[in-house]
Structure formats: C-alpha cells, structure tokens
Number of protein chains: 2
Amino acid sequence: MGTHHQGTKPEVLALDAYIKLMRAADSVTSRAHLVLPEGLTLTQFAALEALFHLGPLYQSELATKLLKSGGNLTLVVDNLERDGLVLRTRDAADRRFIKVDLTPKGRRFIGALFPKIAASLTHEFAVLSPRDQLALARICKRLGVGRSRPAYATA
Amino acid sequence: MGTHHQGTKPEVLALDAYIKLMRAADSVTSRAHLVLPEGLTLTQFAALEALFHLGPLYQSELATKLLKSGGNLTLVVDNLERDGLVLRTRDAADRRFIKVDLTPKGRRFIGALFPKIAASLTHEFAVLSPRDQLALARICKRLGVGRSRPAYATA
DNA sequence: GGGGGATGGTTTGATGTCAAATCAACGGCC
DNA sequence: GGCCGTTGATTTGACATCAAACCATCCCCC
C-alpha cells in the first residue's frame, strides 16, 4: 500500500479503512439503486420506508430520521406528494407542524417494494459470513455517532 | 431490534449491517466535511488528492478513480479551474483527451491540506482498535467490488 | 395582551450527481 | 480519401443536498 502517500502506521491503517468503508458504501448504494423502480430515488425510498414502518411523521421528524436537512425534506416530500405517494396535513393544534402520511397508493407501493429491497440487500450481504456481518455492524456503530435509528430497527 | 419490520434472521442481520454501514459512512463524511476549508467540497478534495498523488490525469481517468460520471467530472473540474487550482490541457496527439493537472497554487494548496485531513481521519478512526480497523477494511473490501483504488493506495 | 425569542417549514443559491442527448475527434474499412 | 462507428468531453434536465435567509406561528414573560 501507498507508494504514493507516505504516512505513519496509524495513518496508513486509518486511511485504508476509510477508503474501503467509503467504497463499500458507494458500491452497496449504487447496487441498491439498480433495484429501485425507475424514477424512485434512494431518499424517496427511505422516506416511504420510514412512514411505512413508523406511521405518519412530522416533516421535522422525518428529516431527523433520515439525517437530512429540513430544506431537503421539503423538496423530497414535494416530489413524493406530486407523485401521489404521500399527503401533507397541517396540524390543527400547532399550525407550524406538517404531518406527512402515506396515501393508500403510497402504502401499497412501499408495502410491495420493501420486501424486494430487503431481499436484495440480504443477497448483497450474503458475501459476508454472519460473523462478519455482526462485526461490521458493531464496528460501524462505533464509528457512526448513533444518532437516530432506522425505522425497521426502532423500538 | 425490529418491532416494526419482521424479517427472517438473515434479513435482520443484513439490514442491520446495511444501515449501520450507511450511518457510519454518512457520519465520517460529514465530520470530514467540517475539516475541509470553507468552500471546498469532498469531491473537489478527492480530485485534488488524486492529482497530487498520481500526477496529471485525463478527465476520464479521474472520473474512473473517483467513481463518478463523466458529466459530473466536467463540472467539478470546471469549478477547480475557476478557482485556479487545476489546469486543462488538450492532448496534442488526440484532441479528444483533456489532461488535468494541478497549478502551482493547487499543488501548494493540496500539499498543505492533505496531511491535515489525513491526521483528522486518523484521529476519527482512533475510536477503533487497530484490529477493528483491519477487520473493517477487510470486510468492506469484500462488500465493495474493488474497482479502482484511491490515489495514495495505488501502486 | 403585546413584544420578542424560539421553532417548523419554505425558498434561494451553490454544488454534486446521474442518465441521456449532443458534440468533437479519431480510426478502421472499403 | 471519405463514411461510420467508437470514444472523450460537454450539455441538459431532474433530483439531492446544504447553509443561510426568510416566513409563519406559537408561546413565554413582563
């Protein structure tokens, strides 16, 4: 490793782990993209999945779950709403809040899609032994500060 | 785990590993962003780093190294050129090719910046034992199909 | 009960990103 | 020597993404 960059041992170790982590994430992401229906983005899928497994959420809650900015969520929800998959409802008690919920069409859509994506990711990760999958989860958990948890993994 | 999503054991294992991988990548990325100088994006940094450690590259080579599309690279190089950090030169022999190289300013810039980023990432990864860093690298390598390698890790 | 700060959402401007269409240049083949 | 397919780069259109500015609403506190 590293005929080009000369660093200390800890540096070489960390940079190597870093780059492989990023490649793996990229790689898995792009392969996940291939399984999504034409026109659905990963973020849109993540939003639908959260609503599917957690029920209606305020936009700010959704932003927190997905680790995205509020401004971003405005656009993502705009597009999902345009496609008739979700519905915005202004909260009666506090008119600042906007509740986002799946439409029946959206529920059918994500309900049919999620199992396929789950199966595909499972297949993807099957190149790793269960032991390695556990190790990966444990190590990554320590790296990620562990903010919110994904819908299907939340109590 | 999973009061919301009921899946088979392998599915739960894979989805958990998947989500933690993505969170870790997100987390490390956003913390890396904080260390970059105002206005420099991660992709711009990656491009400069590749040129710094590998020397001048054709735009298509750069796209391959960074795992980005050609169209994307056009824009990224546009912005770096606008900022006076890189220079485009059309190849005399084959005028379709465009060689990208660092300007002296760009070389000074990335030369001073890279060690700081390397140190920061090393610090970041120090929450993991060397053994875990090795394990992470090994596992991620198997997940990522291992297309091209990063500049400082290329022979 | 009105002012002012806090909070949720939207807008704006810049960048990244891709896929697809287009442009430019090369090179083989007849 | 010219047509045509291939290949590198650019453009275009749609979406993602953030930070920062902005707007609307609420609520605390005097």
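Since we're looking at a predicted model, the values are computed, not measured. Here is the naming used below: chain letters follow the sequence lines, and residue numbers restart at 1 for every chain.
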* Asked: Within the structure shown, what part of the strands sits under 4.0 Å from A:S69 by heavy-atom distance: base, sugar-phosphate, or nothing?
  -> base
* To do: Remember a base hit wins even if backbone is also touched, and classify A:T43 as base, sugar-phosphate or nothing at under 4.0 Å, heavy atoms.
  => sugar-phosphate
* Asked: Can you say whether the rings of A:F114 and A:F52 are parallel (under 30°), tilted (30 to 60°) or perpendicular (over 60°)?
  -> tilted
* Expressed in angstrom and rounded to an integer, what is the separation of A:E38 atom CD from C:dC18 atom C1'? -> 11 Å
* **5'-most by nearest nucleotide on DNA chain D - A:A93 or A:N79** => A:N79
* Asked: How long is the gap from CG on A:L87 to OG1 on A:T103, to the nearest 0.5 Å?
  -> 7.0 Å
* Is the closest side-chain donor-acceptor distance between B:S27 and B:R31 under 3.5 Å? -> yes
* Sugar-phosphate, base or nothing in reach of B:L73, heavy atoms under 4.0 Å -> nothing
* Most 5' of A:G71 and A:L34 on DNA chain C, judged by nearest nucleotide -> A:G71
* Asked: With sugar-phosphate meaning primed atoms plus P, OP1 and OP2, does A:T74 contact a base, only sugar-phosphate, or nothing at under 4.0 Å between heavy atoms?
  -> base
* To do: Please determine, for the side chain of A:R95, which listed nucleotide (D:dT10, D:dC15, D:dT25) has the closest atom?
  => D:dT25
* **Residue among A:I98, A:D101, A:L62, A:T64 satisfying side-chain contact (heavy atoms from CB on, under 4.5 Å) with A:L57** => A:L62
* To do: Rounded to the nearest angstrom, tell me the gap between atom CZ in B:R88 and atom C1' in C:dA24.
  => 15 Å
* To do: Find the distance A:R90:CZ to C:dG9:P and express it as a whole number of Å.
  => 8 Å
* To do: Measure from CG on B:D91 to C1' on C:dC26 and round the result to the nearest Å.
  => 12 Å
* Would you say D:dC15 has OP1 or OP2 under 4.0 Å from some side-chain N or O of A:N72? -> no
* Asked: Given atom CZ of A:F45 and atom P of D:dA16, what is their separation to the nearest angstrom?
  -> 14 Å
* To do: Please state whether the phosphate of D:dA9, meaning OP1 or OP2, lies under 4.0 angstrom from any side-chain nitrogen or oxygen of B:S60.
  => yes
* Out of C:dT10, D:dA16, D:dC26, which has the shortest distance to the side chain of A:D94? -> D:dC26
* To do: Choose from C:dT10, C:dG16, D:dT10 the nucleotide whose nearest atom is closest to any side-chain atom of B:Q44.
  => C:dG16
* To do: Check the distance between D:dA19's P and A:K68's NZ and give it to me in whole angstrom.
  => 13 Å
* To do: By nearest nucleotide on DNA chain D, pick out whichever of A:A92 and A:G70 is the more 5' one.
  => A:G70
* To do: Measure the spacing between NE2 of A:H53 and CG of A:L48 and express it to the nearest 0.5 Å.
  => 11.5 Å
* To do: Return the value, rounded to whole Å, for the distance between atom CG of A:L42 and atom C1' of C:dT17.
  => 13 Å
* To do: In whole angstrom, give the distance that lies between atom CZ of B:F97 and atom P of D:dT6.
  => 16 Å
* Examine the base of C:dT7 for any acceptor or donor lying under 3.5 Å from a partner atom in the side chain of A:R96, and report the outcome as yes or no. => yes
* Asked: Around A:R131, counting heavy atoms of other residues, nucleotides and ligands shown, do more than 12 lie under 6.0 Å from its CZ?
  -> no
